Novice: 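Please find one structure pasted underneath; my questions will follow.
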Amino acid sequence: MALKTTRQAINEALAMEMRRDKRVVVIGEDVSGGAGTDGSRDAYGGVLGVTRGLLGEFGDSRVIDTPITESAIMGAAAGAAATGLRPVAELMFCDFLGVCFDQLLNQAAKFRYMFGGKVKTPLVVRTMIGAGRGAAAQHSQSLYQMFTAVPGLKVVVPSNAYDAKGLLIEAIRDDDPVIFCEHKLVYDLKSEVPDEAYRIPFGEANIVRDGEDVTIVALSRMVHFSAEAADVLAKEGIDCEIIDPRTTSPLDADTIAESVERTGRLVIVDESTPRCGVAGDIAAIIGERCFRDLKAPIRRVTAPHTPVPFSPVLEKLYIPDALRIAEAVRQTVAYAR
Amino acid sequence: MQMSHERLKKAYRDMVTIRLFEERVQVEFTKGAIPGFVHLYAGQEASAVGVCLDLRPEDNIASTHRGHGHCIAKGCDINGMMAELFGRSTGLCGGKGGSMHIADMNVGMLGANGIVGGGPPLVVGAALTAKTLGTDNVAVCFTGDGGSNQGTTFEAMNMAVVLKVPAIFIFENNGYGEATGHSYAAGNTDIAGRAGGFGLPAVTVDGDNFFAVHAAASEAIARARAGGGPSVIEVSTVRFFGHHSGDAQLYRGKDEVARLREERDCLKVFRKSVTEAALLSADELNAIDAEVAQAVEDAVEAARAAPLPVAGDLLTDVYGTY
């Protein structure tokens with residue numbers, strides 16, 4: 001197996017699915033770039049180059065550059081999905097949800113239910129999440145909790161290249177709207193990725209590391225910081241189990257609960273803001289299911305309840321890191337009733 | 001007015017069906033038999049029917065909160081529609097959608113829509129499907145003077161032009177966005193003129209005249225099927241009821257509705273023109289009236305007798321798999 005970046009894995013999944021099924025189209029702002037310019041087409045391939053090269057193979061009828069018009073992109077993708085295409089639409093930064101949420105919240109997510117189960121909407125929305133690149137308050141959020149709260153949407157939050165490919169192929173073949181959240185700082189991370197197509201089912205968490213003392217649930221980039229923290233803690237004699245849910249909707253609560261039943265301790269690491277978020281949601285679910293098993297209060301390690309700051313000094317404080325995670329785990333393990 | 005006898009009868013039947021359906025819904029709603037909100041389409045029949053007459057089942061339309069007329073014109077079954085309004089499990093959406101969400105993909109009805117301006121982007125997508133798969137289907141979006149001010153509508157028109165997709169935007173200008181006059185709500189009240197600025201053919205037609213609407217729609221549909229891209233049609237029309245059923249309409253001029261019903265009733269205009277031109281006889285038209293009245297009565301009876309959803313229905317149809 002070859003080592004590939006998450007960027008390559010996503011590009012490969014898109015290309016393979018487009019070869020397999022002519023109904024799969026990619027649509028969004030600058031997915032190729034260069035339309036209406038004197039320069040070359042497909043030199044850009046998305047703001048971080050994830051869709052580069054697709055135009056050359058599939059042409060502009062299936063790799064569709066749009067104006068900067070997020071409502072029209074999301075709505076057109078939803079309408080196309082309901083009428084026979086399988087669009088992969090790009091919402092460049094998840095923050096841009098602010099200008100197009102209706103088309104996802106009230107249209108795509110609702111079609112199946114409000115039309116009595118008669119409409120399928122096989123739509124994938126790829127969108128970038130995450131702080132850490134100095135992109136400040138409107139280009140750095142991790143808004144998966146807002147999508148997760150909407151019945152009718154499925155939400156994928158991959159942490160590595162292998163998962164990204166298998167989950168994206170699954171998303172494209174799924175008949176429901178799927179929001180696929182790609183962390184900017186996961187794009188360059190490499191893992192072993194098979195060349196062939198494979199699917200990772202939604203709602204199946206990955207147990208990244210086995211452990212007996214404490215369960216850490218972490219999402220997206222936070223999985224890597226949690227692994228760093230677990231390495232440090234292992235030297236202190238604290239044995240961490242790390243669970244990556246991979247999808248927040250559906251959520252594999254069973255795997256988390258089974259782990260907490262063994263460890264009796266839970267720390268949840270989520271780069272998103274703390275109020276009404278995925279960390280709080282998981283804490284509530286496990287609090288209800290595993291109350292008797294818990295030896296310590298569930299702890300959440302999240303961003304603060306603030307916008308994402310610009311200055312790198314502040315941004316570093318904003319993002320949960322291995323030190324904070326390790327400290328939360330130590331406190332959880334040290335907790336005495 | 002070169003239209004076959006059968007098509008003329010179909011056009012009249014569809015318009016009368018809308019009128020009688022809506023008048024009956026008003027009665028049933030007032031009695032309390034229909035829950036929620038209903039927004040009645042009476043007065044605008046020539047628009048829905050004039051536009052939809054040349055459409056095929058594979059062509060998709062998107063509609064508005066005032067959508068019953070579009071559903072009927074596109075071929076939705078009125079029994080399924082009435083049952084839906086009554087919240088019954090035999091409704092077109094199993095009672096889960098209601099008036100504002102009636103849809104039937106089998107006849108190309110992509111949904112009424114509770115969000116003003118919700119439909120235009122969806123129609124760009126339906127048109128994109130047609131273009132990408134190489135069919136000659138078209139997609140039509142009905143919206144109103146209210147929807148003409150929504151940003152989604154502007155975005156959709158621009159993108160339809162950029163992608164050159166077979167989309168047609170119909171603006172039914174009935175003069176009111178809810179309880180506010182169009183003359184207040186739009187900086188430029190010429191909807192077609194403003195839409196033309198996006199770079200697509202845009203015309204205004206008299207919505208009291210079925211034949212004028214049909215002629216404009218035929219041209220736009222033919223252009224879209226032939227790969228000529230999107231169009232806009234503004235239909236000048238009137239609303240015989242309030243924004244919603246039960247609206248006291250104190251914001252409307254005294255006797256305004258009575259005057260409109262007298263002077264601007266598209267059904268009366270149609271009857272007059274076809275009988276004067278000896279295309280259809282009064283007897284033929286009356287027979288259609290009677291037939292439709294019975295069909296609406298039957299739909300109400302069936303809806304009343306139909307089963308309600310069961311508790312288990314609450315949790316189904318959210319996802320295909322989960």
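Only this structure's heavy atoms are used, side chains among them; waters, hydrogens and symmetry mates stay out. Everything numeric in this text was worked out from a predicted model, so none of it was measured. To find a chain, count down the sequence lines: A is the first, B the second, and so on, and within it residues start at 1.
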Novice: With a 4.5 angstrom heavy-atom cut-off, is it the side chain or the backbone of A:Val178 that approaches chain B, or both, or neither?
Specialist: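 Neither; nothing under 4.5 Å.
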Novice: Of all the heavy-atom pairs spanning A:Ser71 and B:Pro121, show the shortest one and how long it is.
Specialist: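 Closest heavy-atom pair between A:Ser71 and B:Pro121: O-CB, 3.7 Å.
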Novice: Name the option with the most non-hydrogen atom pairs under 4.5 Å to chain B; the candidates are A:Ala78, A:Ser61, A:Pro151.
Specialist: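 The answer is A:Pro151.
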Novice: Any idea which heavy atoms bring B:Asp313 and A:Tyr113 closest together, and the distance?
Specialist: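 Where B:Asp313 meets A:Tyr113 most closely, the heavy atoms are O-OH, 4.0 Å.
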Novice: Select one option (side chain, backbone, both, neither) describing which atoms of A:Phe115 are under 4.5 Å from chain B's heavy atoms.
Specialist: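 Both backbone and side chain.
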Novice: To the nearest 0.5 angstrom, please state how far the OG1 atom of B:Thr152 sits from the CD atom of A:Gln103.
Specialist: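 So the gap between those two atoms works out to 6.5 Å.
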Novice: Does atom CD (A:Glu57) have a neighbourhood of more than 12 heavy atoms from anything else shown, all under 6.0 Å?
Specialist: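 Correct, the count exceeds 12.
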Novice: Are there residues of residues 63-93 of chain B whose heavy atoms fall under 4.5 Å of chain A's heavy atoms? If so, which?
Specialist: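 Within residues 63-93 of chain B, the residues that come under 4.5 Å of chain A (heavy atoms only) are B:Leu92, B:Cys93.
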Novice: Taking side chain as everything from C-beta outward and backbone as N, CA, C, O, which of these in B:Asn113 sits under 4.5 Å from a heavy atom of chain A? Side chain, backbone, both or neither.
Specialist: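 Contact with chain A involves the side chain of B:Asn113 alone.
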Novice: Counting only heavy atoms not in A:Lys118, do more than 12 sit closer than 6.0 Å to its NZ atom?
Specialist: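 Counting other residues, nucleotides and ligands, NZ of A:Lys118 exceeds 12 neighbours.
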Novice: Only heavy atoms, only distances under 4.5 angstrom. Which residues in residues 126-141 of chain B are near chain A?
Specialist: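 Answer by number: B:Ala126, B:Leu128, B:Thr129, B:Thr132, B:Leu133.
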Novice: side-chain contact (heavy atoms from CB on, under 4.5 Å) for B:Asp317 and A:Met114? Distances and angles first, verdict last.
Specialist: CA-CA 8 Å; B:Asp317 302 326; A:Met114 71 185 177; over 6 Å; no
Novice: How about A:Met146: does its CE atom have over 12 heavy atoms from other parts shown lying under 6.0 Å from it?
Specialist: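 Incorrect, the count does not exceed 12.
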Novice: If you round to the nearest 0.5 Å, how far is NZ of A:Lys110 from NZ of B:Lys96?
Specialist: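 So the gap between those two atoms works out to 14.0 Å.
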Novice: Look only at the side chain of B:Tyr319 and the backbone of A:Leu153, and say whether a donor-acceptor pair between them is shorter than 3.5 Å.
Specialist: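 Judged by distance alone, yes, a pair lies under 3.5 Å.
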Novice: Supply the atom-to-atom distance A:Asn106 CG to B:His101 NE2, rounded to the nearest 0.5 angstrom.
Specialist: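 Between A:Asn106 CG and B:His101 NE2, I get 8.0 Å after rounding to 0.5 Å.
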Novice: Considering only heavy atoms, which portion of B:Val318 lies under 4.5 Å from any heavy atom of chain A: side chain, backbone, both, or neither?
Specialist: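 Looking at B:Val318, backbone and side chain both touch chain A.
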Novice: Is it the backbone or the side chain of A:Thr247 that comes under 4.5 Å from a heavy atom of chain B, or both, or neither?
Specialist: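 Interface part for A:Thr247: neither.
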Novice: Mind listing the closest non-hydrogen atom pair of A:Ala82 and B:Leu110 along with its distance?
Specialist: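 Taking every non-hydrogen atom into account, CB-CD1, 3.9 Å.
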Novice: Closest approach of A:Thr83 and B:Gly125, non-hydrogen atoms and distance?
Specialist: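 Nearest heavy atoms, A:Thr83 then B:Gly125: OG1-O, 4.1 Å.
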Novice: Nearest heavy-atom pair of A:Ala72 and B:Ala156: which atoms, and what distance?
Specialist: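 In this case the closest contact between A:Ala72 and B:Ala156 is CB-N, 4.3 Å.
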Novice: Among A:Asp102, A:Val119, A:Thr121, A:Asp175, who wins on heavy-atom pairs under 4.5 Å with chain B?
Specialist: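 Going by pairs under 4.5 Å, I would pick A:Asp102.
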Novice: Tell me whether B:Phe37 at atom CZ has more than 12 heavy atoms from other residues, nucleotides or ligands lying less than 6.0 Å away.
Specialist: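 No, the 6.0 Å shell around CZ holds no more than 12 heavy atoms from other groups.
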Novice: Which atoms form the tightest heavy-atom contact between A:Asp174 and B:Thr321, and what is the distance?
Specialist: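 Between these two residues, the closest heavy atoms are OD2-OG1, 4.0 Å.
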Novice: Does the side chain of B:Leu163 reach to within under 4.5 Å of the side chain of A:Ile64, using non-hydrogen atoms?
Specialist: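 Heavy-atom side-chain distance check passes, below 4.5 Å.
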